[in-house]
Amino acid sequence: CGRGKMPGLAIVQTMDSDSPSIAMAATSDTVAFLDEELRHRHEAGLPPISRMTRIVAQHEDLTACEQLIDRVTESFRALATDNRCDTLGPMPCPLARIRGRHRRETLLTAPTGEIMQQWLHRALHERVLSDQALSIDVDPISLL
């Protein structure tokens with residue numbers, strides 16, 4: 001859309017046409033959009049204000065998948081000695097099933113990379129992350 005010398009056309013479908021994000025996109029107000037997005041991320045404690053790690057459990061059996069991510073999430077909560085560390089989840093992944101495997105996730109946030117690294121190190125030491133059905137993504141680019 002808009003690549004090269006020819007102008008492009010973008011069609012956006014939304015349930016909330018009064019959304020500030022839609023209005024800023026329509027007027028190409030990139031600076032206002034980025035300022036607003038950064039403000040929201042700051043209020044929610046999300047990157048780039050903090051550091052994030054995504055833990056995903058996958059299993060053919062839904063109950064086993066849920067039990068695994070529940071156990072891992074509770075273990076991380078117990079290891080969070082810094083009250084600024086937080087867990088969001090467990091919850092279904094946006095793509096909750098791929099190739100016959102159920103997927104559940106928990107997001108971890110910490111104020112700095114150093115605190116996140118210490119938290120993950122404690123989890124590795126306690127063998128919280130030893131299950132092969134788990135994947136760990138530090139500073140995830142996508143949450144899909």
Side-chain angles (χ1 to χ4, degrees), residues 1-124 128-129 131-144:
C1 183
R3 292 183 176 94
K5 295 180 182 184
M6 299 298 293
L9 172 66
I11 298 172
V12 178
Q13 184 176 0
T14 180
M15 297 284 291
D16 184 9
S17 59
D18 295 327
S19 164
S21 298
I22 298 297
M24 288 180 263
T27 60
S28 298
D29 194 346
T30 306
V31 172
F33 173 79
L34 293 174
D35 286 344
E36 183 74 5
E37 184 67 18
L38 191 57
R39 185 179 65 77
H40 286 301
R41 288 174 173 268
H42 193 304
E43 289 172 358
L46 295 173
I49 305 306
S50 66
R51 300 298 291 270
M52 180 181 282
T53 296
R54 181 180 189 220
I55 310 292
V56 176
Q58 298 185 54
H59 202 282
E60 290 95 8
D61 180 67
L62 176 59
T63 301
C65 184
E66 289 173 336
Q67 289 173 346
L68 175 59
I69 199 65
D70 287 346
R71 179 183 57 79
V72 168
T73 303
E74 286 308 312
S75 296
F76 267 100
R77 287 181 178 142
L79 291 171
T81 57
D82 186 322
N83 63 0
R84 296 174 295 168
C85 296
D86 198 16
T87 58
L88 178 60
M91 60 194 154
C93 293
L95 300 174
R97 194 167 181 193
I98 296 178
R99 290 187 289 260
R101 297 177 64 83
H102 297 275
R103 302 170 73 236
R104 297 295 183 264
E105 70 181 354
T106 292
L107 303 176
L108 312 173
T109 58
T112 67
E114 181 181 1
I115 292 172
M116 179 64 76
Q117 186 177 21
Q118 291 169 357
W119 199 15
L120 291 171
H121 186 271
R122 284 193 301 270
L124 287 170
V128 171
L129 300 173
D131 197 301
Q132 291 181 349
L134 293 173
S135 62
I136 299 97
D137 188 0
V138 178
D139 295 328
I141 293 174
S142 172
L143 297 180
L144 291 180

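Atom set for the values below is all heavy atoms of this structure, side chains included, hydrogens, waters and symmetry mates excluded. Treat the numbers as computed from the prediction; the structure is a model and nothing was measured.
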Any chance CD of Q117 has more than 12 other-residue heavy atoms, nucleotides or ligands included, within less than 6.0 Å?
no

Measuring from S21:OG to D29:CG, what's the distance to the nearest 0.5 Å?
11.5 Å

What is the minimum heavy-atom distance between W119 and F76, and which atoms define it?
NE1-O, 3.1 Å

Given side chains that start at C-beta, do those of L68 and R71 come closer than 4.5 Å, heavy atoms only?
yes

ring-ring contact (aromatic ring centres under 6.0 Å, His included): which pairs involve residues 20-47, sequence neighbours left out?
none

Any side-chain heavy atom of C93 within less than 4.5 Å of one from R54?
yes

First locate atom OG1 of T112, then atom CD1 of I49, and finally report the distance between them rounded to the nearest 0.5 Å.
13.5 Å

Contact summary for R103 and I98, nearest pair of heavy atoms
NH1-CD1, 3.6 Å

What distance separates L108 CG from R77 CZ, expressed to the nearest 0.5 Å?
9.5 Å

Would you say T106 and V72 make side-chain contact, with heavy atoms under 4.5 Å?
no

Restricting to non-hydrogen atoms, name the atom on P47 and the atom on R51 that form the minimum distance, rounded to 0.1 Å.
CG-C, 4.5 Å

Do I55 and P90 have side chains that get closer than 4.5 Å, going by heavy atoms?
no

In sequence, state the C-alpha distance, the side-chain angles, and the governing distance for H102 and H59, and then conclude on side-chain contact (heavy atoms from CB on, under 4.5 Å).
CA-CA 5 Å; H102 297 275; H59 202 282; 5.7 Å; no

Let me confirm one number: the CG-OG1 distance from D86 to T109, rounded to the nearest 0.5 Å.
4.5 Å

I need the T27 OG1 to I22 CD1 distance, nearest 0.5 Å.
11.0 Å

Evaluate whether atom CD of E114 has more than 12 neighbouring non-hydrogen atoms of other residues, nucleotides or ligands under 6.0 angstrom away.
no

Are E105 and P94 side-chain neighbours, meaning at least one heavy-atom pair lies under 4.5 Å?
yes

What closest approach, in Å, do L120 and T53 show between heavy atoms, and which atom pair accounts for it?
CD1-OG1, 3.8 Å

Inter-residue atom distance L79.CG - T87.OG1, 0.5 Å rounding
11.5 Å

Under a 4.5 Å cut-off applied to non-hydrogen side-chain atoms, are R104 and L62 in contact?
yes

Taking every heavy atom of I115 against every heavy atom of P111, the minimum-distance pair comes out as CD1-CG, 3.7 Å

Heavy-atom closest pair (A110 atom, S50 atom, distance to 0.1 Å) is O-CB, 3.2 Å

